[in-house]
Number of protein chains: 2
Amino acid sequence: MKKNASCDGCPNKNCFIGHIQSPEWKLKLSNSKHLFIQKPGQHIFLEGNPVFGIYFILEGKVKVTISGKGNKEQIVRLAKDGDVLGHRGLGGDFYPINAIAMEETVLCFVENSLLYSAFIANSEFTFEMMLFYSGELRKAEQRMRYLAQMNVREKTADALLFIRDSFGINDETKELNVEINREEIAGIAGTSVGQIIHNLSDLEKQKIIDKTGKKIQISDEKKLREIVSAFYP
Amino acid sequence: MKKNASCDGCPNKNCFIGHIQSPEWKLKLSNSKHLFIQKPGQHIFLEGNPVFGIYFILEGKVKVTISGKGNKEQIVRLAKDGDVLGHRGLGGDFYPINAIAMEETVLCFVENSLLYSAFIANSEFTFEMMLFYSGELRKAEQRMRYLAQMNVREKTADALLFIRDSFGINDETKELNVEINREEIAGIAGTSVGQIIHNLSDLEKQKIIDKTGKKIQISDEKKLREIVSAFYP
DNA sequence: CGCGTCCTTGAACCGCGTCAAGCCAGGTGG
DNA sequence: CCACCTGGCTTGACGCGGTTCAAGGACGCG
């Protein structure tokens, strides 16, 4: 682990690192076999893999995808440090999705037996976990609607905001805090690479974004949100 | 309540009626204010309503929708007796979705304080609830992919199967066990009414369905599933 | 019988996916 | 230091598929 991931002051309400950093858990997890590192592009688990437990991201970024027709991958979630991974497997035998590291990622694996004993011992943890699921479900169903009803321009804007809200932007440069290519953006928006490029160009002409540099800059977040405002309360 | 809903032998693994029929709960819920009836078309709660608790469906059918651009409603879930309703609100302040009765529906309302006390008292209940969320999340993310990648013909077939799997069919007549109009089917498929009608006609010509009677009959379920088989493992 | 609601059909328009061709930047080797 | 290659990005054109709309049919109801 490059640095000690901390949860103090973490703005992410659903951050579980606090739990796994408690003395009790630290002892259990001190065995190094629980921690491992994935390089960018490496998969953490794939659709159909048996479920042995869940993962906590200590550091890094991960995309969660569902593989579709003709090698198209639909990105259903973006996760970063403090997030849980593989929780969709819980209660089933096989993962229904793929998890792939987007950059060097440090993971903490918690095997089923340990996890279940935590659920039994700590009902508050179970409760929090349930709330976490509730929030994820809400988000997933919202995105369902976007995919069904938005046109491509709106989907493109929404995908950018989705990335922005998942990984954040640099306050100064307004660059997205992640390296992401057109294909991945298309995978989030649920459209083709061609359309993404087309619409990114349009957005740039309107000075809403800037893609001169390597990373996309969101110059005018307000206008970007206006594009999709009809879909948000 | 027209008849006493029972959970015995219920094939639905996620049926919660068993819980609320335990002696402990029966006592708590014996107060009649917890039970109420909704007529078809009446809403149980709407987007933006404050969350006071959750609901269990004792009898009837309910559609869960998200209202979209231009009065289009996207149906994200179909629920029947034994299902929970309003659980998306848990952990948030307002419902993110609408719940509307599709036929006369008997509901049991469980207010937050009662629910939370159940979570504290019965960690197994919390655990089961968590697993339920996990399953719902999985389903929602699968449907996300379908909406993004299927063409209209596939969406139409998938919508029919979605209804069939949610509410079942009459074994003899092969009719869907629910009255549902074209607009609602379009809301499930995430397409327009025109396309639904067009594709239903096509499916009828191929003798896969029959819509002579009032309710749609699924004559050849196998062929219907073949249409979408590329999307299911 | 007239009215309303839901369903059906067909035609016109246009948004979107696809593809071919070219651009640019970074890496590699002579 | 330049020539070449490769992979990601960009642009524009084409054509299919889907949305939308208008007009009409089927059915139930007052």
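Values in this document were obtained by computation on a predicted structure and should not be read as measured data. Order of the sequence lines fixes the chain letters, A, B, ..., with proteins taken first and strands second; residue numbering starts at 1 for each chain.
For A/Ile196 and D/dT10, the CD1 to P distance is 12 Å, given to the nearest whole Å. A straight line from CD of B/Glu179 to P of C/dT5 spans 17 Å, rounded to a whole angstrom. Between B/Ile209 atom CD1 and C/dC7 atom C1' there is a gap of 13 Å when expressed in whole angstrom units. Atom CG of A/Asn151 and atom P of D/dG18 are 17 Å apart (whole Å). Taking atom CG of residue B/Leu203 and atom C1' of nucleotide C/dT8, one finds them 15 Å apart after rounding to whole Å. Rounded to an integer number of Å, the gap from CG of A/Leu200 to P of C/dC16 is 14 Å. One can place CD of A/Glu183 at 16 Å from C1' of D/dT10, the figure rounded to the nearest angstrom. Between the CG atom of A/Asp210 and the C1' atom of D/dC9 there is a distance of 15 Å, given to the nearest Å.
Between A/Thr191 and C/dG17, a side-chain N or O to OP1/OP2 separation shorter than 4.0 Å is present. Neither OP1 nor OP2 of D/dG17 sits under 4.0 Å from any side-chain N or O of B/Arg153.
Of the candidate nucleotides D/dT10, C/dT8, C/dT18, C/dT8 has the atom lying nearest to any side-chain atom of B/Lys211. When the nucleotides C/dG17, C/dT8, D/dT20 are ranked by their closest atom to the side chain of A/Ser192, C/dG17 comes out on top. Distance from the side chain of B/Ile197 is smallest to C/dC7 among D/dT11, C/dG17, C/dC7. Checked against D/dC9, C/dC7, C/dG17, the side chain of A/Gln195 finds its nearest nucleotide in C/dG17. Checking D/dC9, C/dT18, D/dG18 against every side-chain atom of B/Val152, the shortest atom distance belongs to D/dG18. Distance from the side chain of B/Ser201 is smallest to C/dT9 among C/dT9, C/dC7, D/dT11.
Between B/Arg225 and B/Glu221 there is a salt bridge, with a side-chain nitrogen of the basic residue lying less than 4.0 Å from a carboxylate oxygen of the acidic one.
When atom types are taken as modelled, the side chain of B/Gln149 and the backbone of B/Tyr146 share no donor-acceptor pair closer than 3.5 angstrom.
Cation-pi check for B/Arg143 over B/Phe162 is met; the charged atom lies under 6.0 angstrom from the ring centroid and within 45 degrees of its normal. Annotation: cation-pi geometry satisfied between B/Lys61 and B/Phe167 (NZ/CZ under 6.0 angstrom from ring centroid, within 45° of ring axis).
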(Q) Between B/Asn98 and B/Ile66, is the side-chain contact (heavy atoms from CB on, under 4.5 Å) condition met? List the steps. (A) CA-CA 6 Å; B/Asn98 312 293; B/Ile66 301 191; 5.6 Å; no

